[in-house]
Amino acid sequence: MQLTLEFGGGLELLCDSVKIHKVNVNPQDGEDKLNMKDLLAWVRTNLIKERPEMFMKGDSVRPGVLVLVNDCDWELSGQLDTTLEEKDVVVFISTLHGG
Amino acid sequence: MEANGGESSRILREIENLKSAKSEIERRISDLEAQLRDIDEKDETKTNSTRSCPPLSNGDSGFGHGLSPDMIYRYSRQLLLPSFGVQAQSSLLKASILVVGAGGLGSPALLYLAACGVGRLGIVDHDVVELNNLHRQIIHTEAYIGQSKVESAAAACHSINSTIQIVEHKEALRTSNALEILSKYDIVIDATDNAPSRYLISDCCVVLGKPLVSGAAIGLEGQLTVYNYNGGPCYRCLFPTPPPTTACQRCSDSGVLGIVPGIIGCHQALEAIKIASDVGEPLSRRMLLFDALTARIRIVKIRGRSSQCEVCGENATFTAKQFQEFDYEKFTQSPLSMTPLKLDLLPTEARISSKEYKERVVRGEPHALVDVRPAHHFKISSLPNSMNVPLSSLEARLPEISSALKREEEHASLYVVCRRGNDSQRAVDYLHKMGFTSAKDIIGGLESWAHDVDPNFPTY
Ligand SMILES: [Zn+2]
């Protein structure tokens with residue numbers, strides 16, 4: 001499944017400072033769907049190069065990270081249970097405090 | 001030389017005297033203007049009730065919208081907008097907006113809010129203007145360096161628009177004063193720079209029922225949304241748990257391109273104007289994400305009010321009293337003010353002052369000096385003969401340090417420096433564990449070098 005993953009608000013620093021990643025992720029063996037929980041595990045293994053605790057806590061994202069699936073807060077689509085589809089765009093953004 | 005020195009200190013003294021006389025005069029002018037406004041307001045209510053002829057200057061011109069001829073002329077370009085017009089302008093003139101933080105976000109926000117005719121504009125900040133603020137905090141000028149940001153911002157707003165009321169709050173916003181200050185305004189703009197202030201301001205807005213226009217910027221990115229508006233979420237609905245302190249970057253550490261907070265601050269002013277004048281669709285339940293490098297603005301849909309929110313949720317009972325007793329610094333594990341962290345990791349014998357280091361260099365003591373700042377910091381300024389080994393690559397580059405020491409005499413000392421003396425302690429702690437038992441850190445880093453040894457050494 002082709003997905004576009006974007007990291008912002010400093011999270012890109014955890015994956016070699018690359019903000020946009022075009023990736024191919026497939027459902028696990030025996031599954032026909034890919035959900036956000038699967039994707040997070042995949043991102044952690046394949047994209048996060050350092051300090052994984054700055055991206056994840058438990059099996060979800062750490063506090064202060066907003067997750068957007070097709071420009072929509074994942075809270076509105078079922079968080080970890082959100083089912084992903086071909087060509088979806090998933091944005092991970094760390095909230096900023098500076099000014 | 002001596003005579004010149006005396007002459008310049010005399011001039012400096014005179015400048016100081018004139019500056020303080022100037023701010024005293026400005027204070028008196030604004031006091032008098034406030035008195036005058038009070039008198040005018042009373043007169044206005046009298047005239048309205050008796051329906052007599054309005055005063056010629058500065059009063060209602062009698063067209064039912066409350067705008068004086070001067071106001072009509074000043075705001076004419078906004079009045080000509082069919083979707084704004086006199087209705088929205090009169091609402092704006094009756095509105096009050098509080099801007100918390102007269103920094104990178106607050107600067108353009110305040111300038112536009114003053115210019116567009118917000119009736120009463122409050123400014124909260126406890127800080128003073130510094131030279132390294134001016135690249136982004138465009139409301140301040142060189143003449144105000146060392147003076148209160150609030151005074152500086154108020155003077156700038158006043159010089160753009162002397163007809164609006166500007167209220168100076170020269171103090172840090174805390175649980176002890178926030179309710180009193182925020183309660184005097186219709187709309188609050190969060191233009192602060194740290195996590196505890198963001199929770200504090202949002203909670204206070206929920207307790208008081210005020211809409212909150214929240215913006216943030218760092219590096220080359222910005223974010224903006226409106227909280228607690230029309231059934232929309234509050235800050236805690238989105239971020240119930242504070243992020244780890246290591247995830248809270250600050251402009252003074254991570255850097256920021258001046259115009260980036262400027263762009264977000266302009267958007268904050270715009271959202272506040274829309275809410276105050278009841279025009280358009282405020283950015284509630286949506287968030288604007290700005291990426292300067294790729295020139296992209298993305299508007300995303302965010303959750304509504306969370307029924308589980310501890311502050312604004314269905315069963316929440318967050319009262320004014322609870323707010324006043326809440327410890328925001330403990331909750332977020334970070335301080336409300338900008339005091340930089342001062343670690344104390346090492347025993348005294350593993351540390352040396354910048355002055356002592358200087359003496360040892362002068363004595364010709366054989367040693368190696370390792371600077372553990374990131375490479376882009378090292379490029380800004382560095383001490384002579386220091387080698388740059390960023391803390392993040394220390395582990396991999398230990399052999400380089402060993403060979404640097406071998407190039408010196410036997411028993412050469414090893415010193416470690418960084419910007420403020422925190423990372424150097426972390427590095428020395430690690431070096432001790434790896435067998436470099438003589439490693440010492442320079443207390444207070446390059447900042448103390450500039451302060452105590454070489455005032456010409458550039459700081460940032
Ligand atoms: Zn809430």
Side-chain angles (χ1 to χ4, degrees), chain A residues 4-22 36 43-44 48-82 84 88-99, chain B residues 100-101 103-107 136-137 190-198 215-219 221-223 233 235 237-244 246-256 260-261 264-265 268 285-287 289 291 293-294 298-304 306 332 334 392:
Chain A
T4 303
L5 309 183
E6 295 195 30
F7 296 82
L11 290 179
E12 70 281 6
L13 300 173
L14 307 177
C15 22
D16 287 338
S17 298
V18 177
K19 284 190 166 173
I20 301 179
H21 301 252
K22 301 260 183 203
M36 276 304 300
V43 168
R44 183 179 176 147
I48 302 294
K49 298 285 159 58
E50 54 179 290
R51 294 176 291 159
E53 74 282 2
M54 294 298 289
F55 181 62
M56 287 184 74
K57 188 174 181 189
D59 58 4
S60 192
V61 292
R62 68 150 166 87
V65 173
L66 279 181
V67 182
L68 307 155
V69 179
N70 300 324
D71 284 349
C72 191
D73 190 349
W74 76 338
E75 198 74 25
L76 300 168
S77 56
Q79 270 201 357
L80 289 168
D81 297 327
T82 310
L84 294 165
D88 275 352
V89 178
V90 183
V91 176
F92 301 98
I93 196 142
S94 177
T95 173
L96 305 177
H97 303 99
Chain B
V100 187
L105 299 163
S107 287
R136 68 185 188 284
Q137 303 183 12
D190 183 345
T192 62
D193 59 3
N194 62 80
S197 296
R198 293 188 180 275
I218 199 143
E221 283 181 76
Q223 299 169 355
Y235 189 67
C237 293
L238 244 68
F239 306 109
T241 313
T246 40
C248 300
Q249 306 176 66
R250 292 191 149 174
C251 295
S252 56
D253 296 324
S254 310
V256 60
V260 174
I264 298 298
Q268 286 183 280
R285 299 180 212 224
R286 293 180 295 155
M287 184 180 276
L289 307 171
D291 182 41
L293 275 192
T294 53
R298 173 178 231 142
I299 312 282
V300 300
K301 193 176 171 203
I302 55 173
R303 68 200 76 168
S306 159
T332 57
S334 47
S392 57

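Below, all heavy atoms of this structure are taken into account, side chains as well, without hydrogens, waters or symmetry copies.
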Colleague: Examine whether an atom of I264(B) lies under 4.5 Å from a heavy atom of chain A, and if so say whether it belongs to the side chain, the backbone or both; otherwise answer neither.
Modeller: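 For I264(B), no heavy atom lies under 4.5 Å from chain A.
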
Colleague: Heavy atoms only: give me the nearest D193(B)-G99(A) pair and the separation to one decimal.
Modeller: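 So the minimum-distance heavy-atom pair works out to CB-N, 3.7 Å.
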
Colleague: Relative to chain B, which segment of I93(A) carries a heavy atom at a distance below 4.5 Å: side chain, backbone, both, or neither?
Modeller: side chain

Colleague: Provide the closest heavy-atom pair for P244(B) versus P63(A) in the form atom of the first, atom of the second, distance.
Modeller: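 Taking P244(B) first and P63(A) second, the nearest heavy atoms are CD-O, 3.9 Å.
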
Colleague: Chain A heavy atoms under 4.5 Å from P242(B): which part of the residue, side chain, backbone, both or neither?
Modeller: backbone

Colleague: Please look at D291(B) and chain A and tell me whether the side chain, the backbone, both or neither of the residue comes under 4.5 angstrom of a heavy atom of that chain.
Modeller: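 D291(B) touches chain A through side-chain heavy atoms alone.
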
Colleague: Evaluate the side-chain proximity of R62(A) to T241(B): yes if any heavy-atom separation is below 4.5 Å, no if none is.
Modeller: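 Heavy-atom side-chain distance check fails, nothing below 4.5 Å.
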
Colleague: Report yes if some heavy atom in the side chain of L76(A) is under 4.5 Å from a heavy atom in the side chain of K301(B); otherwise report no.
Modeller: yes

Colleague: Does atom NZ of K19(A) have more than 12 heavy-atom neighbours from other groups under 6.0 Å away?
Modeller: yes

Colleague: One pair to check against side chain to side chain contact (heavy atoms under 4.5 Å, CB included): T95(A) and R198(B). What are the steps and the verdict?
Modeller: CA-CA 11 Å; T95(A) 173; R198(B) 293 188 180 275; over 6 Å; no

Colleague: Could you pull out the closest heavy-atom pair between D73(A) and I302(B), with the gap in Å?
Modeller: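 Distance-wise, the nearest heavy atoms are CB-CA, 3.6 Å.
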
Colleague: Could you tell me whether a side-chain N or O of Q223(B) sits under 3.5 Å from a main-chain N or O of H97(A), the two making a donor and an acceptor?
Modeller: no

Colleague: Heavy-atom cut-off 4.5 Å, strictly under: side chain, backbone, both or neither for R286(B) against chain A?
Modeller: neither

Colleague: Heavy atoms only, distances under 4.5 angstrom: which of A216(B), P240(B), P261(B) has the most pairs with chain A? Name it, please.
Modeller: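 Ranked by heavy-atom pairs under 4.5 Å with chain A, first place is A216(B).
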
Colleague: Against chain A, label T192(B) side chain, backbone, both or neither, depending on which of its atoms sit under 4.5 Å from a heavy atom there.
Modeller: backbone

Colleague: So which part of I20(A) gets closer than 4.5 Å to some heavy atom of chain B, the side chain, the backbone, both or neither?
Modeller: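 Answer is side chain: those atoms of I20(A) sit under 4.5 Å from chain B.
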
Colleague: Using heavy-atom distances under 4.5 Å, tell me whether A195(B) contacts chain A through its side chain, its backbone, both, or neither.
Modeller: both

Colleague: So do the side chains of L238(B) and L66(A) get within less than 4.5 Å of each other, counting heavy atoms only?
Modeller: yes

Colleague: Under 3.5 Å, side chain of E221(B) to main-chain N/O of G9(A), donor-acceptor pair present?
Modeller: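 Checked: pair present.
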
